[in-house]
Each structure stands twice: as structure tokens, then as C-alpha cells.
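Note sheet for the following structure.
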Amino acid sequence: MARTPLSSATASAIGPYSHAIDDGTHVFCSGQTPIDPETGDLKVGGVGDQTNQCFDNLFAVLADGGLTSDDVVKVNVYLTDMNDFVEMNEAYVTRFSAPPPARTTVAVAGLPMNAQVEIELVAKKP
């Protein structure tokens, strides 16, 4: 099986992992926290701002493989507080054309750097 790493200068890895792996048919993106590439710190603002930063980072990694948000088939969202679900959804809905990809959203006890949200996704290659 091929295992080609994808990356982006605007995405940060805070551990020993690839930003994404292209297996020849799909691209599996590691979870991205809302790290602002200009500062190296978490995106300032609420969970909506952080959700958008996660997608900016993820879509930059997809672009390294020649893919866009239209190629995304599955998204996993991790929230530290389910009370942020509505605000996350308000940002999320702006990031995909219809029909949106399949999605799972779960609450977690904590995320790296005390982020409010982390997002991972899978995209299918054309």
C-alpha cells in the first residue's frame, strides 16, 4: 500500500505524525487544531472562529494533494463542550457545498493547547 504524506506550510503538527496520508484512493487528514499559522498560537475568538481555522488548515493540506472541500466524504469533529455545537455548526455549514459530507461530532475531555475544537477528515480522490 502506498503511503504518501501531504503537508502544508500553514498547518502545524504538534506531534510525530503526518498532516495527511494519501493511500492512492483517499486522503486521510490528521486532526487539526485551530493553530493560526501566522502566530503559531490558537486562533483568537470563539469556537466558530476556531472551527474556520481548523478548516483553513485542513483545506491547505488537501490542496497539497490537488483536492478541495468538494472531495471530502467524512468529517470528525471533537468539541470540548457540546454547548458549542450550534456555533460550530454555523461555521461548518459555510465550508461545504451540498450535499455535505458524512459527519460525527463528539465531546472530549480536552484537546491539545486547550483548543475548543479539533477536526479531522477523509477525502476521496477523483
Side-chain angles (χ1 to χ4, degrees):
M1 170 179 83
R3 196 166 76 179
T4 305
L6 300 177
S7 190
S8 167
T10 62
S12 294
I14 55 175
Y17 58 87
S18 299
H19 290 142
I21 293 292
D22 179 341
D23 76 353
T25 62
H26 292 83
V27 170
F28 299 86
C29 288
S30 296
Q32 284 286 317
T33 52
I35 297 174
D36 183 333
E38 293 182 20
T39 66
D41 296 323
L42 287 180
K43 180 73 174 180
V44 176
V47 74
D49 297 314
Q50 288 196 0
T51 298
N52 281 315
Q53 186 65 60
C54 289
F55 280 121
D56 290 346
N57 296 346
L58 286 161
F59 294 166
V61 173
L62 286 180
D64 186 46
L67 302 172
T68 70
S69 61
D70 289 335
D71 299 303
V72 176
V73 294
K74 176 70 167 111
V75 178
N76 292 330
V77 178
Y78 306 96
L79 292 171
T80 56
D81 186 342
M82 276 301 198
N83 290 318
D84 292 331
F85 187 80
V86 170
E87 186 178 349
M88 178 277 298
N89 261 340
E90 289 171 352
Y92 184 99
V93 73
T94 68
R95 303 311 297 245
F96 296 101
S97 58
R103 185 181 88 188
T104 300
T105 303
V106 297
V108 295
L111 292 168
M113 300 176 66
N114 293 316
Q116 295 171 285
V117 60
E118 181 173 342
I119 302 172
E120 67 180 10
L121 58 79
V122 178
K124 176 134 177 46
K125 296 180 74 174

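The basis for the numbers below is simple: all heavy atoms, side chains too, and nothing from hydrogens, waters or symmetry mates.
S30 places a side-chain N or O within 3.5 Å of a backbone atom of S18 that can act as its donor or acceptor partner. One N or O on the side chain of N52 and one on the backbone of G48 form a donor-acceptor pair closer than 3.5 Å. With N57 contributing its side chain and I35 its backbone, the two residues share a donor-acceptor pair below 3.5 Å.
Partner of P34 under the side-chain contact (heavy atoms from CB on, under 4.5 Å) criterion, out of Q116, Q53, E118: Q53 alone. Between L121 and the options L62, D71, N76, a side-chain contact (heavy atoms from CB on, under 4.5 Å) holds for only L62. Each of I21, D23, D22 was scored for a side-chain contact (heavy atoms from CB on, under 4.5 Å) with R3, with one residue passing: I21.
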- Message: Using the rule given for side-chain contact (heavy atoms from CB on, under 4.5 Å), can you reason through V122 versus V27, listing the C-alpha separation, both sets of side-chain angles and the distance that settles it, and then say yes or no?
- Response: CA-CA 6 Å; V122 178; V27 170; over 6 Å; no

- Message: Run the side-chain contact (heavy atoms from CB on, under 4.5 Å) test on E120 and Y78 for me, step by step, so that the C-alpha distance in whole Å, both residues' side-chain angles and the decisive distance to 0.1 Å come before the verdict.
- Response: CA-CA 9 Å; E120 67 180 10; Y78 306 96; 2.8 Å; yes

- Query: After noting the C-alpha distance and the side-chain angles of N89 and T105, does the key distance pass the side-chain contact (heavy atoms from CB on, under 4.5 Å) rule?
  - Reply: CA-CA 10 Å; N89 261 340; T105 303; 6.0 Å; no

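For the residue pair G24 and K125, the shortest heavy atom distance occurs at O-CD, 3.7 Å. Here the closest heavy-atom approach between residue N83 and residue D81 is recorded as N-OD1, 2.8 Å.
Contact annotation: the side chain of I119 approaches that of T51 to within less than 4.5 Å [non-hydrogen atoms, C-beta and beyond]. At a threshold of 4.5 Å between non-hydrogen side-chain atoms, the residues R95 and D56 count as touching. Side-chain contact between S8 and L58 is absent, with no heavy-atom pair separated by less than 4.5 Å.
Atom CE of residue M88 and atom CG of residue L79 lie 5.0 Å apart, to the nearest 0.5 angstrom. Between atom CG of residue L6 and atom CZ of residue F28 there is a gap of 11.5 Å, rounded to the nearest 0.5 Å. Distance check: E87 CD to D49 CG gives 7.0 Å after rounding to the nearest 0.5 Å. To the nearest 0.5 Å, atoms CD (Q50) and CD (Q32) are separated by 13.0 Å.
M82 and V47 fall within the same hydrophobic cluster, defined by Ile, Leu, Val, Met, Phe, Trp and Tyr side-chain heavy atoms under 4.5 Å apart, directly or through other members. Linking ILVMFWY side-chain heavy atoms closer than 4.5 Å, directly or via other members, places F96 and L67 in a single hydrophobic cluster. Both V61 and Y92 are members of a single hydrophobic cluster when ILVMFWY side chains are connected at heavy-atom separations under 4.5 Å. With hydrophobic clusters built from ILVMFWY side chains whose heavy atoms lie under 4.5 angstrom apart, V117 does not share a cluster with V106.
Between H19 and Y17, the ring planes are perpendicular. Angles over 60° get that label, and only those under 30° would be called parallel.
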